[in-house]
Amino acid sequence: MEKVKVLISTYIDVILFIILVCAKSLIYGRQLESGYFSYTSLLYPIFASVIILVSFSLILNSKARTRFLYICNLVITIFFISDLNYFRYFKDVISIPVLINGFQLGAVKSSVSSIVKFTDFFYALDLIFIPIIINKYKSEKAEITSKLSKILIFSVLLIIGIIVDTHNFYFLSKDQPKLLTTMYNKVYITKKLGSINYHYLDFYNFVSFNISRKSPVSKSEKTDIQTFFQNNSSNNNNLNGTAKGKNLIMIQVEALQEFVINSKIDGKEITPNLNKWIKRSEYFNNFYYQISAGGTSDAEFMTNNSLYPASSGAAYFLYCGNEFNAMPKSFKDSGYNTAAFHGFRESFWNRNVVYRKFGFDNFYGEKSYNIDENVGLGLSDKSFLNQSIDKLEKMNKPYYSFLITLSSHFPYDDVDNYGNFNVGSFEGSFLGNYLKSIHYTDEQLGMFFDKLEEKGILKDSVVVLYGDHYAIPKDHEQELSKFLGKSSLSDIEWLKLQKVPMMIHFPDESTKGVNTIYSGQMDIYPTMANLFSLSDKSFMGKDLFNSSQGNIIFRDGSFIYNNYYYVSQKNSYYNMSTNQQINETDSLKKKKEDVLNQLQYSDEILKHNLLKKFKSN
Ligand code: GP9
Ligand code: MN
């Protein structure tokens, strides 16, 4: 008994580390998302990941070991807290490419501080008590001093840790092929393997990604991709070239989620101007956002390239040196002038670098606007849109102009400046504030459309408008469900709400109505290419006026196909009409493989700058 006591007091630092880090990992796993979680199945991989760290500590002498484990605990805790907060906003966990983009968060500081919760700091409580306990109880009586024994213990523990972990990794890769190499669904990896293993894997993939970028791509892979592009380009001719010679005005609206369209609060329409505009346009009401960690920039990226976002981090940073067959470039090839407009810091999301690569002749950023009124994150939509009209008027026709609004940005707390819009029982709530902000933006868009008409621009232009991504994050789900008059939302109901409106207004309004095809941001460029007869054909999306069957692929490997929704985070299928879970069929299984192939093609293109290579061949 005495011996055991001595042993415990000698290795109290190790024991505390194992217990506390395992416990914190489990709590973190639980907090990451409710449902689909089991303590017992997660403990096993977590334990293995912790044992690997412990094995290294045991080579050190007693004092250094205690210090090493304390630092490991500290770093892991920082990861837990940051991952959790990142998850609240982006519904994803942090990866190294995201950290490289990290300074971006500086500008959205107000957003970040509003999602941090006081309870997050409970993860760090043990860091205060560990030194006290160790000072009081730690002895060195049973310390192993022989170098050989230490190396032996280290090797045995490390091997055990690695064997157990390999076993876990192996099963996950059998269950979800390509998941571990592409990391397309990082939350699922964390939920299955624990946070520490996820970060081990992230580090490994980051290193191997940078090595593999330098390795050549096989000829057959290149041929596969080119064949895919050929087969994917539409050959029907509905509306082909109808917009040739007209201007294109594309407006990407910040956080415009679909549920506000045609919807009322306290008897008043939330977006009266868009509701009117929809009646004069082709309105896509089953249009999903497909962004990943790159937020707004991913939406821009897909719209202008019809390539999927990066699996980790933002393509705007990772691949800013690549060559693209972007929409502005295609327009330029057809003799158009091109410009991007956004009243915020030019370097944000690396726009100043990327827009040039896309072929925009001009980028009117913050410095090109008179910052005379602030609403939300920066220049008000009102002032932005007004000043943009002046700039549009000065552009040589025909032109492609790409506008990005800003005022309705999370956390929607600039209520004093959104104007008076009564949100009834939602007054003072997160959702209520969002409704106010989007009502404000809607009003500005209404005025913008009126001016386009007054100034005679509308009759010569196709106007496309869509939302960049969701407005209501998962932690405010309850408010959204209350707004929709439901007591709660099932997972599939929540996913079906992840839509943004998309509308195309034609100069003569000859094509208009509600279009229910399942579609997404990847489909904008091919649709424009058909309307404007652009020459480029390397799209991963589809032309919405020449596709009978809608399907949507999401960055995490989820997809919508034939009225079924495959949810990769849960590895389950749902019938979209009944919301019931269904079993995998052969055709769905085939589709799932197809989806992963397409995502891989897109990744290969980006990683190896293939569009440049295709051109030079
Ligand atoms: C700022 C804006 C914000 O320029 O586009 O990006 P987001 O935080 O929504 O990704
Ligand atoms: Mn955005």
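Whatever order the structure lists ligands and atoms in, that order sets their numbers, starting from 1.
Relative to the six-membered ring of Phe87, Lys474 misses at least one condition, a distance below 6.0 Å or an angle of at most 45° to the axis. Under the 6.0 Å distance and 45° angle rule, Lys357 does not count as a cation-pi partner of Tyr319.
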Might you work through the side-chain contact (heavy atoms from CB on, under 4.5 Å) test for Phe284 and Ile504, ending with a clear yes or no?
-> CA-CA 8 Å; Phe284 294 84; Ile504 304 176; 3.8 Å; yes

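Heavy-atom proximity to His342, at under 4.0 Å, picks out these atoms of ligand 1: 1 (C), 4 (O), 5 (O). Heavy-atom contacts of His409 reach the following atoms of ligand 1: 3 (C), 6 (O), 7 (P), 8 (O), 9 (O) (cutoff under 4.0 Å). Ligand-side atoms of ligand 1 in range of Gly295: 10 (O), range being under 4.0 angstrom from any heavy atom. Taking every heavy atom of His469 and a limit of under 4.0 angstrom, the matching atoms of ligand 1 come to 9 (O). Residue Glu254 approaches ligand 1 through these ligand atoms, each under 4.0 Å from one of its heavy atoms: 9 (O).
Counting only N and O atoms by type, the side chains of Tyr316 and Glu300 include a donor and acceptor under 3.5 Å apart. With no hydrogens or angles considered, no side-chain donor-acceptor pair links Ser95 and Asp202 at under 3.5 Å. Judged purely by distance below 3.5 Å, without hydrogens or angles, the side chains of Tyr308 and Gln290 never pair a donor atom with an acceptor atom.
Checked for salt-bridge contact, Lys436 and Glu427 meet the test: a charged N lies under 4.0 Å from a carboxylate O.
Distances under 2.8 Å from the Mn ion (ligand 2) pick out the protein N/O/S atoms Glu254 OE1, Glu254 OE2, Thr296 OG1, Asp468 OD2, His469 NE2.
At least one N or O atom of Thr296, backbone or side chain, sits closer than 3.5 Å to an N or O atom of ligand 1. Between Trp349 and ligand 1, an N or O atom pair is found at a separation short of 3.5 Å.
Ring centroid separation for the pair Phe384 and Tyr369 comes in under the 6.0 Å cut-off.
Heavy-atom separations between Arg345 and ligand 1 are all 4.0 Å or longer.
To the nearest 0.5 Å, atom CG of residue Asn285 and atom OG of residue Ser519 are 8.5 Å apart.
The two residues Tyr400 and Met395 make their nearest non-hydrogen contact at O-CE, 4.4 Å.
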